[in-house]
Trainee: 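The following block contains the structure, expressed as structure tokens.
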Amino acid sequence: MWPVHEGCCMNIEEIINQALIAGIPQLYGKPVSSDSIQLQKTKREFEGDITLVVFPLLGISRKAPEITGQEIGTYLQEHVREVVAFNVVKGFLNLSIGDRFYLEFLNHALDEENFGIMPVCEAAETVMIEYSSPNTNKPLHLGHIRNNLLGCSVCNIIEATGKKVVRTNLVNDRGIHICKSMLAWQKWGGGETPESSGKKGDHLVGDYYVKFDQYYKQEVSGLIESGISREEAEKKAPLLLEVQEMLRKWEFGDPSVIALWKTMNEWVYIGFTETYRRLGITFDKIYYESDTYLVGRDTVLEGLKNGIFRQHPDGSVWVDLTAEGLDEKVLLRADGTSVYITQDIGTAQVRKNEYHPSRMVYVVGNEQNYHFRVLRLVLDKLGFPWAKTLYHLSYGMVELPEGKMKSREGKVVDADDLMDEMINTAREMSSGLGKLEGLSPGEKEEIFRIIGLGALKYFILKVDPVKNMTFNPRESIDFDGNTGPFIQYTHARIRSVFRKAGENGMTIPEKTRIDLSLNEKEKNILKMIHDFPLVIKDAGQSFNPSLIANYMYDVAREYNQFYHDYSILKEADSGIKDMRLLLSVLASKVIKKGMGLLGIEVPERM
RNA sequence: GGCCCCGUAGUUCAGCUGAAUAGAACGUCAGAUUCCGGAUCUGGAAGUCGUGGGUUUGAAUCCCGCCGGGGUCACCA
């Protein structure tokens, strides 16, 4: 287990839970199991803060729900300092927690350097997380954006739960698809380079990938017209045979093919680096398939020798997974070249030996669910005890209103274009509001960038990863309501209060008095922020950034209600004014930290 | 066809380790600015939680069937 968070001593559910485990046996003479203690937030329409559902305890109390609730409520009020009142409605015991608890919590949370975030200690376990995993034959598109944002955010979240994280990228830099753009460039490129054409390298290479597909389709339909079946034509098209030959040459190290491959990949990497930089994506370690596929190949051949795999008469190597309810899968082609899974078998071993992670997470789309089941089973059959530590973080596809994106046909939302578009929208919107007067053009651009990317990232991350999502470029992204800019706005607004306080010569104290009484809005914010560490923990355990995103929205909305209803700086009672200032400090910190976990920055003004 | 995932207001999404009248946002209609930032706030209308069974004191949530959508079952990645 991981170390207990400092803030846990301030967790009110935990305090009540402990009291019940001790108290119920006193009341009813029987022990209580912790899963029959159900604590939840009290619904808005009832009086109280925390509710105990008493139904599961009736078997122990042997009394009616109302009576049981009364008895337990009385016990808690007498034995738990924080419980100041209670009421029972049907089978629900609603407990009121004193303001003092929340005020002490406020002081306590402000004391912590990083409230909600656990420090990573030397002895912590290591989690290796792979994301992005681009092919070097085309630029990044919206689907990759979801992958990168998810991966990056999950890394942040897991790190915030006190674990070491190795952010890793596996570049698909080899294979038949890479050869396709190479061959097309060789045939029809006329020596075009990023410099000569002014195109971003990844876009240039991607254009040739599209071009290959166009010519290939022409060839296929030509063959079909001459009387050959589609299936036959797709296998016998001259371009396909040529590209297969190129792949063989690559695997046998043909110098001219390797040289072309290096040149074109380099163009792509320069382009990718730019896209990653703008998106704010980083890696600790980058693996290349071209470095690891041979390890996989050797492993497969050894497995063949040991009788784990079978060879067909044509020379191809297979694994039989019919006993596991799957099919036979090819691991090496008849001509000896490697397939996709071959390199994954190698990469996993290289990683294990290099970092010894306790968990290896793969952020990969749900179209590869089957692939990862196979990979685990194959590694297991090979006798690697760590095979079960593989976890496929499978996420749904991003579709367009007109259907799936198809990069071969050029029907995609390009990552670079999309970021430009978002930033432009932010620019137009901000200019209309005119709140950035007096800032330099550079400062303004920085704010537009933060808002545009914030809108994009939040839009994608607020959706549960397992779900498919439709992206309508024109309508999908808003700056109002449950959006990134709404939350960013809340932060900017709070910061503005502090600036104003400074201008008026006010200082923010270290601590609040704890003998104040809180209004409903103040209490609601504190109750919500109290849950921050728990939300991070849940998000980490379920690899689900959308939990953080939706929580951030709730915090921002709650704060905005408070802000609307009460004045901070104009409050006459200095104790209350100080408390509201500190409450705002904590809220702004939590918003900044939480958004940071999503990879979203928050501006000082906007 | 086998296996896997999804199905909640017009739309985009929460809620899914069972609990009180299913929540937001966008859109729509109606309001709130001499006052710390109106990218805000308040209110109205809008849902047989795909469908039919089952388990349970209690089901949007768990189990089974069916319907609808998607994915996958390549010597593609």
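Quick note on labels: first sequence line is chain A, next is B, and so on, each numbered from 1.
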Trainee: Using the test side-chain contact (heavy atoms from CB on, under 4.5 Å), find all partners of A:Asn468 that sit at least two apart in sequence or belong to another chain.
Mentor: A:Asn366, A:Met397, A:Glu399
Trainee: Are side-chain N/O atoms of A:Tyr287 and A:Asn169 paired as donor and acceptor at under 3.5 Å?
Mentor: no
Trainee: Give every residue pair that meets the salt bridge (charged side-chain N to carboxylate O under 4.0 Å, His left out) criterion with at least one member in residues 453-462 of chain A, sequence neighbours excluded.
Mentor: none
Trainee: Excluding sequence neighbours, so at least two apart, what forms side chain to side chain donor-acceptor pair (under 3.5 Å) with A:Glu445?
Mentor: A:Arg427
Trainee: Considering residues at least two apart in sequence or located in another chain, which fulfil the side-chain contact (heavy atoms from CB on, under 4.5 Å) criterion with A:Arg493?
Mentor: A:Tyr489, A:Asn560, A:Tyr563
Trainee: Atom pairs under 3.5 Å, N or O on each side, protein against nucleotides 22-25 of chain B: can you list them with distances?
Mentor:
{"from": "B:A24", "atom 1": "O2'", "to": "A:Tyr553", "atom 2": "OH", "distance (Å)": "3.1"}
{"from": "B:A25", "atom 1": "O2'", "to": "A:Asn482", "atom 2": "N", "distance (Å)": "3.4"}

Trainee: Say we look at B:C67 and B:A74: how far apart would their P atoms be, to the nearest angstrom?
Mentor: 25 Å
Trainee: How far, in whole Å, is B:A32 from B:G71 if one measures between their C1' atoms?
Mentor: 49 Å
Trainee: Not counting sequence neighbours, which residues clear side chain to side chain donor-acceptor pair (under 3.5 Å) with A:Thr512? List them please.
Mentor: none
Trainee: Would A:Asn135 and A:Tyr209 count as having a side-chain donor-acceptor pair, cut-off 3.5 Å?
Mentor: no
Trainee: Going by the side-chain hydrogen bond (donor to acceptor under 3.5 Å, both in side chains) test, which pairs reach into residues 49-63 of chain A, not counting sequence neighbours?
Mentor: A:Thr42-A:Thr51, A:Asp49-A:Lys523, A:Asp49-A:Lys527, A:Thr51-A:Asn94, A:Ser61-A:Thr68, A:Lys63-A:Glu71
Trainee: How far, in whole Å, is B:G50 from B:A9 if one measures between their P atoms?
Mentor: 8 Å
Trainee: Does anything in residues 567-585 of chain A come within less than 4.0 Å of RNA chain B? Heavy atoms only, and list the residues if so.
Mentor: A:Ser567, A:Ile568, A:Leu569, A:Lys570
Trainee: When you match A:Ile494 and A:Leu332 each to their closest nucleotide on RNA chain B, which lands nearer the 5' end?
Mentor: A:Ile494
Trainee: Can a donor-acceptor pair be found between the side chains of A:Glu571 and A:Ser567 at a distance below 3.5 Å?
Mentor: no
Trainee: Just the dot-bracket of RNA chain B, please: which string comes out with Watson-Crick or G-U pairs under 3.5 Å, [ ] for crossing, | for another strand?
Mentor: (((((((..((((.....[...)))).(((((.......))))).....(((((..]....))))))))))))....
Trainee: Could you say whether A:Leu547 or A:Asn468 is positioned toward the 5' end of RNA chain B, judged by the nucleotide with the nearest heavy atom to each?
Mentor: A:Leu547
Trainee: Might you list the N or O atoms of the protein lying below 3.5 Å from N or O atoms in nucleotides 58-63 of chain B, with each pair's distance?
Mentor:
none

Trainee: Mind checking what makes side-chain contact (heavy atoms from CB on, under 4.5 Å) contact with A:Thr342, not counting sequence neighbours?
Mentor: A:Arg297, A:Val300, A:Leu332, A:Ser338, A:Val339
Trainee: Can a side chain N or O of A:Lys90 be found less than 4.0 Å away from OP1 or OP2 on B:U57?
Mentor: no
Trainee: Quick one: list whatever passes side-chain contact (heavy atoms from CB on, under 4.5 Å) with A:Ala492, sequence neighbours left out.
Mentor: A:Met606
Trainee: Specify the separation, in whole Å, of atom NE2 of A:His144 and atom C1' of B:A77.
Mentor: 11 Å
Trainee: Taking only N and O in the side chain of A:Arg333, is any of them less than 4.0 Å away from OP1 or OP2 of B:A74?
Mentor: no
Trainee: Does a salt bridge link A:Glu234 with A:Arg230, judged by any charged N lying under 4.0 Å from a carboxylate O?
Mentor: yes
Trainee: On the nucleotide B:U40, are OP1 or OP2 found under 4.0 Å from the side-chain N or O atoms that A:Gln561 carries?
Mentor: no
